[in-house]
2 protein chains.
Amino acid sequence: MDQRSDAGHPTVGAWTKRCYLAGRALMDSTLRPYDLGSTQWYVLWHLAHVGPTVQRDLGRALELERATLSGIVATLVRKGLVRQTSSGDDQRQRLLTLTAAGETLWRELPDLSFIHDAAFGGIDEAELATTIRVLQTATGRLNNLLRKE
Amino acid sequence: MDQRSDAGHPTVGAWTKRCYLAGRALMDSTLRPYDLGSTQWYVLWHLAHVGPTVQRDLGRALELERATLSGIVATLVRKGLVRQTSSGDDQRQRLLTLTAAGETLWRELPDLSFIHDAAFGGIDEAELATTIRVLQTATGRLNNLLRKE
DNA sequence: CGAATATCGCTAGGTAGCGAACGAATTATG
DNA sequence: CATAATTCGTTCGCTACCTAGCGATATTCG
């Protein structure tokens, strides 16, 4: 979504895309030596910090569709980093746990918080708050339109 | 790239992702009846407004890698909407032109500018300017880090 | 209780993005 | 001029997002 105006001057939409893709690119390139994608990293992060999690809850936490997470988990299982066991309560649910290999790899991984700091560190707090409010407003409006279709 | 903080409160990065994805989702769902993706729409837009364009220049205008655009153009060619001819000057270059079918389809397509208006319309100009500046700064920093790797 | 409904995870098929590597063509350089 | 370096577009293989639809399980409700 470039959303650049006809005149070619920069729009909020265009910068939103650029910024999102640049951040993801830096995450990806940092994680490339570990053969890990950015969203795979978030799954490991969650399992390492929160502990074993039912797939459904993980999907809600990371704001991913079931199908999307399903594929990412399959990759991590194939790599031997995550284990899927059937949860006792609900036979449909799958409980996700880090394997020993997953825990070992997690300890080797670099801290990725430097990316957010590098991007937004030192910027005036009020301006950051404004940015969040604008993006939040726009997102809400877009999701409203989406739901009405 | 969620980039949500450990505490879980919203970060600029998280909202950047949400906003970008919400905008693209609305574009995609608007274009679904025409069996067209958002970036395909941008290619048609450019060819309809600017005229026949060398693939390389189109890639720069839309800020897409050669490989990415290559695939998108292939799809549009397969659909019979765009024609690829070899440019006279440089035998490597490929000139892109709308076919008759492409021009016909373009005339039927809805105006998508309502999306940007719906998202950011009515928001204080100064706040929008701040948002752009923050995102622009962050993007620049991220790209700097990327280049240094 | 039994039937309709909802939810969980998976598969299939699609778009959009990337890097790496390659052939062909062009440009720069020794 | 000949060779080296670059550029253009393609292909390959990957991540990450989506919708639609399926089977199995839970839940709700008549």
Side-chain angles (χ1 to χ4, degrees), chain A residues 1-2 17-18 20-43 53-60 62-79 84-96 143 146 149, chain B residues 1-2 17-18 20-43 53-60 62-79 84-96 143 146 149:
Chain A
M1 177 197 56
D2 288 56
K17 173 178 184 176
R18 291 188 191 111
Y20 165 66
L21 288 180
R24 207 153 82 81
L26 187 52
M27 280 192 77
D28 285 343
S29 89
T30 306
L31 292 172
R32 208 176 317 279
Y34 307 93
D35 193 29
L36 223 55
S38 48
T39 305
Q40 294 172 32
W41 185 89
Y42 277 108
V43 170
T53 310
V54 164
Q55 196 161 316
R56 165 189 167 283
D57 296 335
L58 183 58
R60 301 220 169 145
L62 300 185
E63 297 173 29
L64 297 172
E65 286 301 316
R66 285 173 296 164
T68 304
L69 185 55
S70 208
I72 288 163
V73 167
T75 303
L76 291 172
V77 168
R78 180 170 44 75
K79 288 180 184 171
Q84 254 177 337
T85 58
S86 52
S87 154
D89 320 347
D90 188 329
Q91 287 309 112
R92 296 167 301 180
Q93 295 184 348
R94 308 269 253 146
L95 187 67
L96 302 179
N143 284 332
L146 259 173
E149 285 198 0
Chain B
M1 177 197 53
D2 288 58
K17 173 178 184 177
R18 290 188 191 112
Y20 166 65
L21 288 180
R24 207 153 81 82
L26 187 52
M27 280 191 77
D28 285 343
S29 88
T30 306
L31 291 171
R32 208 178 318 277
Y34 307 93
D35 192 30
L36 223 54
S38 49
T39 305
Q40 294 171 33
W41 184 90
Y42 277 107
V43 170
T53 309
V54 163
Q55 196 160 316
R56 166 189 168 281
D57 296 335
L58 182 57
R60 303 220 168 146
L62 300 184
E63 298 174 28
L64 297 172
E65 287 299 316
R66 283 173 296 163
T68 305
L69 185 55
S70 207
I72 288 162
V73 167
T75 302
L76 291 172
V77 168
R78 179 169 45 76
K79 290 179 183 170
Q84 252 177 337
T85 58
S86 51
S87 154
D89 321 346
D90 189 329
Q91 287 309 111
R92 295 167 304 181
Q93 294 184 348
R94 309 267 253 146
L95 187 69
L96 302 178
N143 284 331
L146 259 173
E149 286 198 358

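Keep in mind that what you see is a predicted model, and the values were worked out from it rather than measured. Naming: A, B, ... by sequence-line order, numbering from 1 per chain.
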Requested in this report: Determine: side-chain N/O of B:Thr39 to OP1/OP2 of C:dG17, distance under 4.0 Å, yes or no.
Outcome: yes
Query raised in the report: So what does A:Val73 touch, heavy atoms closer than 4.0 Å: a base, only the sugar-phosphate, or nothing?
Result: nothing
Query raised in the report: Between B:Asp28 (side chain) and B:Ser38 (backbone), is there a donor-acceptor pair under 3.5 Å?
Result: yes
**Report entry** OP1 or OP2 of C:dA16 under 4.0 Å from side-chain N/O of A:Tyr20
**Finding:** no
Requested in this report: Indicate whether OP1 or OP2 belonging to D:dA16 is found under 4.0 Å from a side-chain N or O atom of A:Gln40.
Outcome: yes
Report summary line: With sequence neighbours left out, the residues meeting side-chain hydrogen bond (donor to acceptor under 3.5 Å, both in side chains) with B:Arg92 are B:Asp90
Query - N or O in side chain of B:Thr68 less than 4.0 angstrom from C:dC18 OP1/OP2 - result: yes
Report summary line: Nearest-nucleotide check on DNA chain C, A:Arg32 vs A:Gln55; residue mapping nearer the 5' end is A:Gln55
Requested in this report: Calculate the interatomic distance between A:Leu31 atom CG and C:dG17 atom C1'; express it in whole Å.
Outcome: 17 Å
Requested in this report: Could you tell me whether the phosphate oxygens of C:dA16, OP1 or OP2, come under 4.0 Å of any side-chain nitrogen or oxygen in B:Ser38?
Outcome: yes
Query raised in the report: What is the distance, rounded to the nearest whole Å, between atom CZ of B:Arg56 and atom P of D:dT6?
Result: 16 Å
Report summary line: Nearest heavy-atom contact between B:Leu62 and B:Val43 is CD1-CG2, 3.8 Å
Query raised in the report: Just by modelled atom types, is the B:Arg24 backbone N or O under 3.5 Å from a matching donor or acceptor in the A:Lys17 side chain?
Result: no
Query - N or O in side chain of B:Lys17 less than 4.0 angstrom from D:dC17 OP1/OP2 - result: yes
Report task. For A:Arg24 and C:dG19, give me the distance from atom CZ to atom P, rounded to whole Å. Result -> 11 Å
Query raised in the report: Taking all non-hydrogen atoms of both residues, which atom of B:Val54 and which atom of B:Leu95 are closest, and how far apart?
Result: N-CD1, 3.7 Å
Requested in this report: Indicate, with a heavy-atom threshold strictly under 4.0 Å, whether B:Ala74 touches base, sugar-phosphate, or nothing.
Outcome: nothing
Query raised in the report: According to a strict under-4.0 Å criterion, is B:Gln84 in side-chain N/O contact with OP1 or OP2 of D:dT10?
Result: yes
**Report entry** Non-neighbouring partners of A:Gln84 that pass side chain to side chain contact (heavy atoms under 4.5 Å, CB included), sequence neighbours left out
**Finding:** A:Gln55, A:Val73, A:Val77, A:Arg94, A:Leu96
Query - Any B:Ser70 side-chain nitrogen or oxygen under 4.0 Å from OP1 or OP2 of D:dC8 - result: no
Report task. Output yes when a side-chain donor or acceptor of B:Thr30 lies under 3.5 Å from a complementary backbone atom of B:Leu26, and no otherwise. Result -> yes
Would you tabulate the pairs of protein nitrogen or oxygen atoms and nucleotide nitrogen or oxygen atoms of nucleotides 22-29 of chain C closer than 3.5 angstrom?
from   : atom 1 : to      : atom 2 : distance (Å)
C:dT26 : OP1    : B:Gln91 : N      : 2.9

Query - Rounded distance (Å) that lies between atom C1' of C:dT11 and atom CZ of A:Arg94 - result: 14 Å
Query raised in the report: Which comes earlier along DNA chain C counting from the 5' end, the contact point of A:Ala67 or that of A:Arg60, where each point is its nearest nucleotide?
Result: A:Arg60
